[in-house]
Amino acid sequence: MIIFGTRGYLYQLAVMTMVCGWCGNPSAHTLRKRVTKFTLFFVPLFPFSTKFATQCTFCGGEQKIPREQAEQLLAQHMASQDGNPFGQAPQQPGCAPGPQGQGQNPYQH
């Protein structure tokens, strides 16, 4: 007996601010990639379907987009965020120069 089927994988590629086509609010949107793979004996072998979509975090509206548009949005977002798809990396306390002096933590006495 051969057991085969499909399995879906959802990848979140980036979070970016855009105006929603559903609610009209400027809000954060997630850029997602959904890959469906053929499985044999519960082992994923090869992808046979890849789809891209953006989803509004305010209203939950989802819009399917073509691969070319998804790659363009991701490239624009990566360029604006210095290579980090989820925004600026959090800084450690005491590492950033502030008004108190170079590299000092203003909350630590």
Side-chain angles (χ1 to χ4, degrees):
M1 176 186 232
I2 296 177
I3 299 174
F4 65 94
T6 62
R7 181 165 183 184
Y9 297 88
L10 185 63
Y11 302 99
Q12 183 171 314
L13 302 177
V15 178
M16 60 193 81
T17 302
M18 298 188 307
V19 176
C20 181
W22 294 97
C23 65
N25 290 317
S27 61
H29 283 68
T30 57
L31 177 61
R32 295 180 174 178
K33 175 181 173 181
R34 182 179 306 272
V35 179
T36 305
K37 294 184 178 182
F38 177 78
T39 61
L40 182 63
F41 292 108
F42 306 104
V43 177
L45 296 178
F46 58 88
F48 68 88
S49 173
T50 302
K51 297 178 182 177
F52 294 89
T54 59
Q55 184 176 22
C56 177
T57 59
F58 186 78
C59 71
E62 188 170 336
Q63 180 180 4
K64 293 180 181 169
I65 59 175
R67 175 187 298 269
E68 295 80 21
Q69 186 178 0
E71 290 172 353
Q72 181 183 21
L73 283 171
L74 187 59
Q76 288 175 352
H77 185 69
M78 294 285 275
S80 70
Q81 298 296 327
D82 295 328
N84 186 354
F86 301 108
Q88 298 294 329
Q91 293 187 352
Q92 302 272 335
C95 294
Q100 304 296 326
Q102 295 293 345
Q104 295 178 357
N105 188 349
Y107 303 108
Q108 204 172 34
H109 295 284

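Along the sequence shown, residues carry numbers from 1.
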Exercise for the section: Verify side chain to side chain contact (heavy atoms under 4.5 Å, CB included) between L13 and L73, making sure each step is shown before the conclusion. Expected result: CA-CA 10 Å; L13 302 177; L73 283 171; over 6 Å; no

Problem - F4 CZ to L45 CG distance, which is reported to the nearest 0.5 Å - result: 12.0 Å

Practice task
Look up atom CZ in F52 and atom CD in Q69, then write down how far apart they are to the nearest 0.5 Å.
Solution key: 11.5 Å

Exercise for the section: Would you kindly confirm whether L10 and I65 end up in one hydrophobic cluster when ILVMFWY residues are joined by side chain heavy atoms under 4.5 Å apart? Expected result: no

Problem - Smallest separation among heavy atoms of L74 and A14, with atom names - result: CD1-CB, 3.9 Å

Practice task
Taking the side chain as every heavy atom from C-beta outward, state whether F58 and C23 have any atom pair closer than 4.5 Å.
Solution key: yes

Handout entry: Shortest non-hydrogen separation from P44 to T39 and the atoms involved
Key = CA-CG2, 3.7 Å

Problem - Within 6.0 angstrom of F46 CZ, more than 12 heavy atoms from elsewhere - result: yes

Handout entry: Within one Ile-Leu-Val-Met-Phe-Trp-Tyr cluster: M78 and M18, side-chain cutoff 4.5 Å
Key = yes

Handout entry: Neighbour count >12 (heavy atoms, 6.0 Å) for atom NZ, K51
Key = no

Completion exercise
Heavy-atom nearest pair, V19 first then H29, reads C-CE1, 4.1 Å

Practice task
Determine yes or no for a side-chain-to-main-chain donor-acceptor pair under 3.5 angstrom, with Q55 supplying the side chain and G60 the backbone.
Solution key: yes

Problem - Expected output: side-chain S27 to main-chain T57 donor-acceptor under 3.5 Å - result: no

Handout entry: Least distance between heavy atoms, P47 atom then V35 atom
Key = CB-CG1, 3.7 Å

Exercise for the section: Considering non-hydrogen atoms only, spot the tightest contact between K37 and Y9 and give its length. Expected result: CD-CE1, 3.6 Å

Completion exercise
Rounding to 0.5 Å, atoms CZ (R34) and OG1 (T50) come to a distance of 11.5 Å

Problem - Distance in Å, I3 CD1 paired with F42 CZ, rounded so as to fall on 0.5 Å steps - result: 4.5 Å

